[in-house]
Amino acid sequence: QVQLVESGGGLVQAGGSLRLSCVASGRTFLSDAMAWFRQAPGKEREFVAATRWGASPTRYADSVKGRFTFSKNNAENTVYLQMNSLKPKETAVYYCATGPRLVTTQEAYSSWGQGTQVTVSS
(Lines give C-alpha, C1' and ligand atoms only; values in the text may rest on other atoms or scores of the structure.)
Protein backbone atom coordinates (compact mmCIF):
# COMPACT_ATOMS: atom_id res chain seq x y z
CA GLN A 1 0.00 0.00 0.00
CA VAL A 2 0.97 3.62 -0.43
CA GLN A 3 1.96 5.77 2.52
CA LEU A 4 1.53 9.54 2.27
CA VAL A 5 3.34 12.16 4.33
CA GLU A 6 2.28 15.80 4.17
CA SER A 7 4.07 18.99 5.12
CA GLY A 8 3.93 22.72 4.50
CA GLY A 9 1.01 23.86 6.60
CA GLY A 10 1.23 26.86 8.86
CA LEU A 11 -0.09 30.30 9.68
CA VAL A 12 -0.57 32.86 6.94
CA GLN A 13 -2.36 36.19 6.68
CA ALA A 14 -5.42 36.61 4.49
CA GLY A 15 -4.31 37.08 0.91
CA GLY A 16 -1.08 35.21 1.49
CA SER A 17 0.24 31.97 0.05
CA LEU A 18 1.37 28.54 1.17
CA ARG A 19 2.66 25.49 -0.65
CA LEU A 20 1.75 22.06 0.68
CA SER A 21 3.77 18.94 -0.14
CA CYS A 22 2.86 15.26 -0.04
CA VAL A 23 5.42 12.49 -0.49
CA ALA A 24 4.21 9.04 -1.51
CA SER A 25 6.10 5.88 -0.61
CA GLY A 26 5.38 2.38 -1.86
CA ARG A 27 4.16 1.22 -5.22
CA THR A 28 2.39 3.80 -7.35
CA PHE A 29 0.77 3.54 -10.76
CA LEU A 30 0.40 6.16 -13.46
CA SER A 31 -3.34 5.61 -13.46
CA ASP A 32 -3.70 6.27 -9.73
CA ALA A 33 -5.30 9.50 -8.64
CA MET A 34 -3.78 11.91 -6.15
CA ALA A 35 -6.06 14.38 -4.45
CA TRP A 36 -6.19 17.15 -1.88
CA PHE A 37 -9.08 17.48 0.56
CA ARG A 38 -9.64 19.84 3.47
CA GLN A 39 -11.73 19.80 6.61
CA ALA A 40 -12.58 23.00 8.44
CA PRO A 41 -13.59 22.97 12.12
CA GLY A 42 -17.13 21.67 12.51
CA LYS A 43 -17.54 20.95 8.82
CA GLU A 44 -17.37 17.95 6.52
CA ARG A 45 -14.28 17.11 4.56
CA GLU A 46 -14.41 18.67 1.10
CA PHE A 47 -12.66 18.12 -2.19
CA VAL A 48 -10.01 20.62 -3.27
CA ALA A 49 -8.14 19.24 -6.30
CA ALA A 50 -7.02 16.00 -7.93
CA THR A 51 -4.87 14.66 -10.74
CA ARG A 52 -3.07 11.44 -11.73
CA TRP A 53 0.59 10.48 -11.61
CA GLY A 54 0.39 10.01 -15.36
CA ALA A 55 -0.71 12.56 -17.92
CA SER A 56 -4.02 13.96 -16.79
CA PRO A 57 -5.85 17.24 -16.50
CA THR A 58 -6.31 18.51 -12.97
CA ARG A 59 -9.77 18.85 -11.46
CA TYR A 60 -10.31 21.75 -9.06
CA ALA A 61 -13.15 22.67 -6.77
CA ASP A 62 -14.91 25.77 -8.06
CA SER A 63 -14.01 27.64 -4.89
CA VAL A 64 -10.26 27.36 -5.55
CA LYS A 65 -10.04 27.69 -9.33
CA GLY A 66 -7.59 30.37 -10.36
CA ARG A 67 -5.99 30.51 -6.91
CA PHE A 68 -4.73 26.98 -6.22
CA THR A 69 -2.38 24.97 -8.43
CA PHE A 70 -1.74 21.22 -8.23
CA SER A 71 1.70 20.13 -9.40
CA LYS A 72 3.81 17.00 -9.15
CA ASN A 73 7.36 15.72 -9.30
CA ASN A 74 7.12 12.10 -10.40
CA ALA A 75 10.83 11.44 -9.88
CA GLU A 76 10.46 12.36 -6.21
CA ASN A 77 6.97 10.84 -5.81
CA THR A 78 5.83 14.20 -4.53
CA VAL A 79 2.77 16.31 -5.22
CA TYR A 80 2.25 19.94 -4.28
CA LEU A 81 -0.64 22.29 -3.72
CA GLN A 82 0.24 25.93 -4.26
CA MET A 83 -2.38 28.04 -2.51
CA ASN A 84 -2.59 31.75 -3.32
CA SER A 85 -4.90 34.52 -2.12
CA LEU A 86 -5.92 32.49 0.90
CA LYS A 87 -9.10 33.38 2.75
CA PRO A 88 -9.80 33.02 6.49
CA LYS A 89 -12.68 30.62 5.75
CA GLU A 90 -10.14 28.27 4.17
CA THR A 91 -8.61 27.56 7.55
CA ALA A 92 -8.67 23.77 7.73
CA VAL A 93 -6.70 20.59 8.01
CA TYR A 94 -5.53 19.73 4.51
CA TYR A 95 -5.11 16.08 3.52
CA CYS A 96 -3.59 14.35 0.53
CA ALA A 97 -5.03 11.05 -0.64
CA THR A 98 -4.63 8.45 -3.35
CA GLY A 99 -6.93 5.93 -4.97
CA PRO A 100 -7.82 4.22 -8.24
CA ARG A 101 -10.37 6.78 -9.43
CA LEU A 102 -10.13 10.52 -10.00
CA VAL A 103 -13.31 11.62 -8.27
CA THR A 104 -14.37 14.26 -5.77
CA THR A 105 -15.74 11.96 -3.05
CA GLN A 106 -13.51 10.99 -0.14
CA GLU A 107 -14.89 7.44 -0.01
CA ALA A 108 -13.13 6.60 -3.28
CA TYR A 109 -9.66 7.20 -1.87
CA SER A 110 -7.91 4.32 -0.15
CA SER A 111 -4.86 5.96 1.43
CA TRP A 112 -4.58 9.24 3.30
CA GLY A 113 -1.88 11.43 4.71
CA GLN A 114 -1.89 12.58 8.31
CA GLY A 115 -3.10 16.05 7.44
CA THR A 116 -1.42 19.42 7.83
CA GLN A 117 -2.99 22.44 9.51
CA VAL A 118 -3.48 25.62 7.50
CA THR A 119 -4.57 28.69 9.44
CA VAL A 120 -5.46 31.89 7.61
CA SER A 121 -5.70 34.93 9.85
CA SER A 122 -7.76 38.03 9.15
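Just so you know, residue 1 is the first one in the sequence shown, and it goes up from there.
A heavy-atom distance below 4.5 Å is not found between the side chains of Val79 and Ser71. Considering only heavy atoms from C-beta on, Gln114 comes within 4.5 Å of Glu6 through its side chain. With contacts defined as side-chain heavy-atom distances shorter than 4.5 Å, the pair Leu20/Trp36 qualifies. The side-chain heavy atoms of Thr104 and Arg59, taken from C-beta on, include a pair separated by under 4.5 Å. At a threshold of 4.5 Å between non-hydrogen side-chain atoms, the residues Phe70 and Gln82 do not count as touching. Proximity of Lys72 to Thr51: side-chain heavy atoms (C-beta onward) are separated by under 4.5 Å at one or more points. Contact annotation: the side chain of Ser17 never approaches that of Met83 to less than 4.5 Å [non-hydrogen atoms, C-beta and beyond].
Note: Ser56 OG to Leu102 CG = 5.5 Å, rounded to the nearest 0.5 Å. Rounding to the nearest 0.5 angstrom, the gap separating the SG atom in Cys96 from the OH atom in Tyr80 is 12.0 Å. The CG atom of Asp32 lies 13.0 Å from the CZ atom of Arg101; values are rounded to the nearest 0.5 Å. Note that CH2 of Trp53 and CG of Asn74 are 6.0 Å apart. Values are rounded to the nearest 0.5 Å. In this structure, CZ on Phe68 lies 8.0 Å from CG on Asn84, to the nearest 0.5 angstrom. Residue Gln3 holds its CD atom at 12.5 Å from CG of Asn77, rounded to the nearest 0.5 Å.
Residues Glu90 and Ser63 approach most closely at OE2-O, 4.4 Å, considering heavy atoms. Nearest heavy-atom pair across Val2 and Ser111 is O-OG, 3.3 Å. Ser122 approaches Pro88 most closely through the heavy-atom pair CB-CG, 4.0 Å. The shortest heavy-atom contact between Leu4 and Thr98 is CD1-N, 3.9 Å.
Neither side chain, Thr78 nor Asn73, offers a donor N or O lying under 3.5 Å from an acceptor on the other. For the residue pair Arg38 and Tyr94, a side-chain donor N or O sits within less than 3.5 Å of a side-chain acceptor on the partner.
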Residues Thr116, Val93; criterion side-chain contact (heavy atoms from CB on, under 4.5 Å); working and verdict: CA-CA 5 Å; Thr116 185; Val93 177; over 6 Å; no
Any chance you could lay out the side-chain contact (heavy atoms from CB on, under 4.5 Å) test for Gln13 and Val120, step after step, and finish with the verdict? CA-CA 5 Å; Gln13 295 184 57; Val120 185; over 6 Å; no
Given Phe37 and Tyr95, is the ring-ring contact (aromatic ring centres under 6.0 Å, His included) satisfied, shown in steps? CA-CA 5 Å; Phe37 287 78; Tyr95 299 90; 8.7 Å; no
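For Thr91 (side chain) and Thr119 (main-chain N/O), no donor-acceptor pair under 3.5 Å exists by modelled atom type. No donor-acceptor pair closer than 3.5 Å links the side chain of Tyr60 to the backbone N or O of Gly66.
In Glu46, the CD atom is crowded: over 12 heavy atoms of neighbouring residues, nucleotides or ligands sit closer than 6.0 Å. More than 12 heavy atoms of other residues, nucleotides or ligands sit less than 6.0 Å from atom CD of Glu107.
The one candidate from Val48, Leu86, Thr69 that meets the side chain to side chain contact (heavy atoms under 4.5 Å, CB included) condition with Val64 is Val48.
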